[in-house]
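Working notes for the structure below.
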Amino acid sequence: MIRGPRVGRRQGRVIRYRAVALLCGLLACAGCAADIPSDRDTLAVAGPLVSLQAETLALPPGSPQLPALLADPQGWQPEPGAEGVERSSARGDFDAGGWLRTMVFSWDGSRGWEVHMAYGEGERPPPATVRIWLRAPQGSGQPDWPMGEGTVRYAGATRTLSYKGRRPGIEGREDFERSLTLGASNRVELEESTSVAPDGAPVHKRRQVLARDAQGHPLDDAELLEGAEYRVSNHYFLPDGRGNPRRIVRLYRAAGAAQDAPVLRAEVILRTLRYQDETR
């Protein structure tokens, strides 16, 4: 059994009608679409980004890797198979206008399966629909697994992704909704998500940017993760030729704790950025 992330399918005539109506409204009002910042514009990234690959090394509470990371946040790398490290990977591809069109996720234990997301297939921007499926491992002979379809709604400074669907081996359907709220500079200031499993148990996540540096990178966040409140400090290393960091270290301390309080968990994000004007 493949246990994927909480994603799913939006179904029924009413939902399909609303998605079509939203798309038609966007096509009929190009001026409105032009006023909506693209996905790329909401990122603190310099240059015409065309793709972003991010490898995440998560160190959960109690990870024996935490002391080594804190001793060398710029250079630490875990040994293969190191205990207390959870690995995942994500890649996003943008069109010429800066809109996210595809995303691919993989993770420890996925055994070659990948979650794929396609935004606004055949649509003019901004994308109003999303399709999600599990892609089978190459050469496995197994079919892909359709997980869900949903919508993306734009209302002022907030854009909301929602869908209702299923996961392999899980009876019933799950609801998922994620909203991003932009600040005055069109950067994401608040991200909130709620997923409800078939048994009715909700899972909430929230991240709010508290401070940014001169380049717009988040310095301090308030984050709700796995039921616990954290204050997160972000540290940036290894800038590329455009000044965009290729390594980000996120250190989690208890909310309200002192600046030098113990780090309870951490993330290391290793990024590869590609730009439209690159020839390689």
Side-chain angles (χ1 to χ4, degrees), residues 36-59 65-66 68-80 82 85-108 114-119 125-127 159 178 180 182-191 207-221 223 232-252 263 265-280:
I36 300 175
S38 72
D39 296 313
R40 187 171 59 208
D41 289 340
T42 68
L43 303 175
V45 173
L49 188 68
V50 70
S51 71
L52 174 60
Q53 175 85 27
E55 308 287 339
T56 299
L57 309 174
L59 279 58
Q65 305 297 324
L66 273 173
L69 170 64
L70 296 176
D72 183 13
Q74 178 171 334
W76 172 84
Q77 289 282 0
E79 296 292 332
V85 181
E86 300 170 356
R87 301 171 183 263
S88 62
S89 174
R91 175 190 171 96
D93 294 293
F94 301 82
D95 64 17
W99 292 99
L100 187 64
R101 288 299 187 175
T102 61
M103 290 198 73
V104 180
F105 300 91
S106 61
W107 63 98
D108 276 348
E114 296 176 332
V115 174
H116 285 244
M117 304 177 70
Y119 291 84
R159 53 192 64 185
R178 184 191 66 191
L180 303 176
L182 308 183
S185 62
N186 291 331
R187 303 282 170 75
V188 176
E189 298 296 334
L190 177 65
E191 178 179 355
R207 179 186 177 191
Q208 182 175 9
V209 177
L210 302 179
R212 294 182 182 271
D213 64 15
Q215 290 72 42
H217 303 128
L219 288 177
D220 295 291
D221 303 326
E223 188 161 336
V232 185
S233 59
N234 301 288
H235 307 267
Y236 301 92
F237 304 97
L238 307 180
D240 65 9
R242 297 176 182 271
N244 295 313
R246 291 174 291 157
R247 181 182 178 98
I248 303 172
V249 177
R250 309 187 70 233
L251 304 179
Y252 290 69
V263 173
R265 65 191 306 158
E267 283 183 350
V268 178
I269 303 172
L270 308 175
R271 308 197 305 178
T272 302
L273 304 96
R274 294 287 180 261
Y275 305 93
Q276 291 177 1
D277 53 359
E278 286 182 330
T279 56
R280 66 177 184 274

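Worth knowing before you read on, the calculation uses all heavy atoms, side chains too, and leaves out hydrogens, waters and symmetry mates.
- Residues R265 and L59 form no side-chain contact, since every pair of their non-hydrogen atoms from C-beta on lies 4.5 Å or further apart.
- Looking only at side-chain heavy atoms (C-beta outward), H217 and N234 stay at 4.5 Å or farther from each other.
- Of the possible polar contacts, none joining the R207 side chain to the D221 backbone as a donor-acceptor pair under 3.5 Å is found.
- Considering only heavy atoms from C-beta on, L49 comes within 4.5 Å of Y275 through its side chain.
- A pairwise comparison of heavy atoms in G216 and A44 identifies O-CB, 3.5 Å as the closest pair.
- V50 is linked by a side chain to side chain contact (heavy atoms under 4.5 Å, CB included) to R274, Q276, counting only residues two or more places apart in sequence or in another chain.
- Every residue two or more places apart in sequence or in another chain was checked for a ring pair (Phe, Tyr, Trp, His ring centres under 6.0 Å) with H235, and none qualifies.
- A side-chain donor-acceptor contact under 3.5 Å links D39 to the backbone of L100.
- Contact check for R159 versus P126: no side-chain heavy atoms found under the 4.5 Å cut-off.
- Inter-residue side-chain proximity for R271 and L52 is flagged as met; some heavy-atom pair is nearer than 4.5 Å.
- When atom types are taken as modelled, the side chain of N244 and the backbone of A46 share a donor-acceptor pair closer than 3.5 angstrom.
- Between R246 and L273 the shortest side-chain heavy-atom distance falls below 4.5 Å.
- Side-chain contact between L70 and L251: present, with at least one pair of heavy atoms (C-beta onward) separated by less than 4.5 Å.
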